[in-house]
Amino acid sequence: MALSSLLSASFCFNENCLRSAPTEASSRRYNFSRGSKSVAVVLRAKGTSQFQGLTVMQVRGASTAVDCSKMKIPHVLTIAGSDSGAGAGIQADLKACAARGVYCSTVITAVTAQNTVGVQGVNIVSEDFVAEQLTSVLSDMQVDVVKTGMLPSVGIVKILCQKIREFPVRALVVDPVMVSTSGDVLAGASILPVFREELLPMAEIITPNLKEASALLGCAHLETVADMRSAAKSLHAFGPRNVLVKGGDLPDSSDAIDILFDGDNFYELRSPRVKTHNTHGTGCSLASSIAAELAKGSSTFSAVKVAKRFVETALDYSKDIIIGNGPQGPFDHLLRLKSSSHDCHRLGVFNPSDLFLYAVTDARMNKKWGRSIADAVKAAIEGGATIVQLREKDVETRDFLESAKACLEICRAYGVPLLINDRIDIALACGADGVHVGQSDMPARVARTLLGPEKIIGVSCKTPAQAEQAWIDGADYIGCGGVYPTNTKANNLTVGLDGLKTVCQASKLPIVAIGGIGPSNARAVMEIGVPSLKGVAVVSGLFDRECVSTETRKLHGMLTEARSLVNEKKRHN
């Protein structure tokens with residue numbers, strides 16, 4: 001094992017890099033040789049020193065600093081055919097690896113014309129050019145795991161085996177693609193001997209479905225779990241270290257059953273069958289996900305379990321999407337298509353004018369007045385609220401998520417953005433338009449990484465320095481306050497109108513004033529007349545009232561008058 005590979009197993013806890021390490025023991029000792037020198041390395045799960053993004057590890061008593069930003073990225077190379085419909089093949093492999101957080105390079109063996117109906121044409125890439133692609137990637141890009149899909153000729157299989165011997169990798173995952181789910185032949189029977197004799201013995205794991213297992217063994221169709229076990233054992237005799245026989249097409253089974261055999265033990269992996277026609281590319285995606293987990297350092301058994309769970313989750317998420325007119329559609333590996341569809345109902349990118357009347361909900365007030373969160377939000381929007389934040393500290397997570405989904409439907413209907421206070425998990429789960437975080441919450445730059453570039457992120461700030469940091473971290477707006485004392489947040493230091501004005505003058509971001517603001521003082525806040533101040537955020541002034549819509553309407557009118565007065569003064573000056 002090379003020193004660079006060994007050190008890449010360290011666990012580096014900092015904001016720039018995360019790497020997994022052995023956790024079953026407090027330390028682990030590795031010995032390896034380079035030339036005539038023997039080196040001992042101790043990896044410690046605890047007690048590893050860290051200084052400004054560097055992990056310091058003890059190598060024979062000497063401190064060695066490893067720059068986490070230069071540590072190796074897990075890398076899968078997929079060798080397969082291109083699917084013009086992007087449901088299977090190279091395209092599915094790329095999406096699966098991206099979803100599992102692994103870099104994926106590609107070698108294309110064939111270009112297919114296919115869609116949700118079937119395969120209309122196949123153009124096989126020349127063997128010389130397949131070899132050239134393999135050499136290009138393997139000689140340069142530090143591949144961890146190779147995953148194969150469509151290998152359409154004996155020559156291509158032989159070239160692959162030769163290149164893996166020339167450029168060894170950690171593991172080979174073989175998905176023996178021969179017949180598409182729609183029944184189209186992608187590799188003929190002539191390829192079977194070279195599969196059995198040369199490719200399978202090199203594999204860490206092979207992942208045939210029922211038809212492919214039958215073809216490899218030259219036997220009748222597999223129809224029972226007992227057949228699958230027998231097939232897995234027979235396939236293992238060809239030399240792969242592990243065999244996963246996939247039972248997605250197993251007749252008369254309400255479960256999706258796969259059989260994993262490691263040469264000693266059988267593992268029966270069961271899960272409820274997802275009822276959907278969007279299954280195009282499941283085999284490619286499962287094998288690529290296994291490869292991705294192996295590239296991250298997982299054991300084969302763990303990689304299979306995680307990959308199976310991932311594919312099941314993606315299938316369930318995608319079960320009712322419609323892409324194409326055929327009997328077998330693709331699925332969404334990144335779990336984003338339905339969210340993107342919902343986002344199309346928004347008015348567009350974040351508009352600072354949305355901060356004008358910023359309604360912040362409160363569970364205690366809703367309970368006091370006998371209102372649901374959704375009822376409170378609907379009333380506020382009908383009264384003129386321009387953006388809504390769900391700040392529900394005393395609600396159970398399950399209930400909060402259901403309420404957030406209901407509120408999102410209301411906000412979508414009115415074209416009003418919905419933000420979640422603090423809870424990025426809730427924002428992600430319900431598809432909200434963004435989050436608002438405090439100084440002690442998750443940093444905005446981390447929230448941005450999780451939520452993506454299109455979501456709205458607000459940050460609570462009290463000082464110009466905090467406002468500057470929010471801008472650097474990629475926030476969209478600042479909530480400045482508390483301006484006045486408030487009973488909704490204990491021990492909250494106030495900044496007053498002078499502090500608000502100071503932050504507004506220094507900020508590069510639009511600002512909404514927050515904290516103790518209501519009908520009695522909202523006009524004074526707006527009249528500080530700083531361009532970056534776009535509105536006020538209100539809690540009790542709206543929700544601790546008998547009629548939310550009426551109070552919101554009154555406040556909206558007051559703010560409109562104040563804004564008009566400020567604009568009039570600017571024109572005269």
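Residue indices begin at 1 and follow the sequence shown. Note that the structure is a prediction, hence the values are computed from the model and not measured.
- Of the charged side-chain nitrogens involved, none lies within less than 4.0 Å of a carboxylate oxygen, so that R309 and E293 do not count as a salt-bridged pair.
- The distance from atom CD1 of I290 to atom OG1 of T300, rounded to the nearest 0.5 Å, is 9.0 Å.
- Within the 3.5 Å criterion, the main-chain N or O of G431 finds no donor-acceptor partner in the side chain of K405.
- Rounded to the nearest 0.5 angstrom, E198 CD and M202 CE are separated by 9.0 Å.
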Chi angles and distances behind the side chain to side chain contact (heavy atoms under 4.5 Å, CB included) call for I323, L337: CA-CA 11 Å; I323 299 176; L337 292 179; 4.0 Å; yes
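- Counting only N and O atoms by type, the side chains of Q114 and S84 include no donor and acceptor under 3.5 Å apart.
- In terms of heavy-atom proximity, V459 sits nearest to A444 at CG2-CB, 3.8 Å.
- The residues D255 and R273 are annotated as not salt-bridged, no charged nitrogen and carboxylate oxygen being separated by less than 4.0 angstrom.
- A cation-pi contact links R100 to F310, judged by a cut-off of 6.0 Å to the six-membered ring centre and 45° from its axis.
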Worked verdict on T109 versus I124 for side chain to side chain contact (heavy atoms under 4.5 Å, CB included): CA-CA 6 Å; T109 60; I124 297 175; over 6 Å; no
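- For Y267, the OH atom counts as densely surrounded, since its 6.0 Å shell holds more than 12 non-hydrogen atoms of other residues, nucleotides or ligands.
- Residues V122 and A110 approach most closely at CG1-CB, 4.2 Å, considering heavy atoms.
- Atom CG of N325 has 12 or fewer neighbouring heavy atoms from other residues, nucleotides or ligands inside a 6.0 Å radius.
- Put simply, the residue from L172, V243, V173 that forms a side-chain contact (heavy atoms from CB on, under 4.5 Å) with I205 is V173.
- Taking 4.0 Å as the cut-off between side-chain N and carboxylate O, K95 and D332 do not count as a salt-bridged pair.
- A 4.5 Å side-chain heavy-atom check between V306 and S298 finds every atom pair outside the cut-off.
- Closest of all the heavy-atom pairs between V154 and I191 is CG2-CA, 4.0 Å.
- Taking a cutoff of 4.0 Å between a charged side-chain nitrogen and a carboxylate oxygen, K305 and D258 do not qualify as a salt bridge.
- Listed for the Q328 side chain is no donor-acceptor partner under 3.5 Å among the backbone atoms of G326.
- Rounding to the nearest 0.5 Å places CD of E204 at 9.5 Å from OG of S299.
- With respect to the salt-bridge test (charged N to carboxylate O, under 4.0 angstrom), the residues D93 and K147 qualify.
- Scanning all heavy atoms of the two residues, the minimum distance from Q133 to V107 falls at OE1-CA, 3.4 Å.
- Comment: D144 engages R170 in a salt bridge, judged by a side-chain N to carboxylate O separation of less than 4.0 angstrom.
- Atom CZ of R229 sits about 11.0 Å away from atom CG of L260, to the nearest 0.5 Å.
- No side-chain donor-acceptor contact under 3.5 Å links T148 to the backbone of I79.
- A donor-acceptor contact shorter than 3.5 Å is absent between the side chain of T207 and the backbone of A287.
- Between the Y317 side chain and the K338 main chain, a donor and an acceptor come within less than 3.5 Å of each other.
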R423 and D441: CA distance, side-chain angles, deciding distance, salt bridge (Lys or Arg N to Asp or Glu O under 4.0 Å) verdict: CA-CA 9 Å; R423 297 292 300 273; D441 298 323; over 6 Å; no
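- Within a 6.0 Å radius of CZ in R398, no more than 12 heavy atoms belonging to other residues, nucleotides or ligands are found.
- Not a single donor-acceptor pair under 3.5 Å links the side chain of E268 to the backbone N or O of I259.
- Salt-bridge formation is not detected for the pair K211/D249: no Lys NZ or Arg NE/NH1/NH2 atom is positioned less than 4.0 Å from an Asp or Glu carboxylate oxygen.
- The pair K246-D175 meets the salt-bridge criterion, with a side-chain N (NZ, NE, NH1 or NH2) lying under 4.0 Å from an Asp/Glu carboxylate O.
- Closest approach of A88 to D83, counting heavy atoms only: N-OD2, 2.7 Å.
- Heavy atoms only, all atoms of each residue included: A427 and L451 are closest at CB-CD2, 4.5 Å.
- Annotation: the span from I206 atom CD1 to F195 atom CZ amounts to 9.5 Å, rounded to 0.5 Å.
- In terms of modelled atom types and a separation under 3.5 Å, the side chain of D316 and the main chain of K319 share no donor-acceptor contact.
- A donor-acceptor pair is defined here as one N or O able to donate and one able to accept, closer than 3.5 Å; no such pair exists between the side chain of D262 and the backbone of R241.
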Worked check of side chain to side chain donor-acceptor pair (under 3.5 Å) between T116 and H280: CA-CA 8 Å; T116 61; H280 187 44; over 6 Å; no
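- No side-chain donor-acceptor contact under 3.5 Å links S318 to the backbone of I321.
- With 3.5 Å as the limit, one finds a donor-acceptor pair spanning the side chains of S105 and H75.
- For the residue pair H221 and D227, no side-chain donor N or O sits within less than 3.5 Å of a side-chain acceptor on the partner.
- Not less than 6.0 angstrom separates the ring centroid of F238 from the ring centroid of H236.
- The closest donor-acceptor contact from the side chain of S230 to the backbone of A226 lies at 3.5 Å or more, if one exists at all.
- Note that CG of L419 and CD1 of I457 are 10.0 Å apart. Values are rounded to the nearest 0.5 Å.
- By the 4.0 Å N-to-carboxylate-O rule, K163 lies close enough to E166 to be salt-bridged with it.
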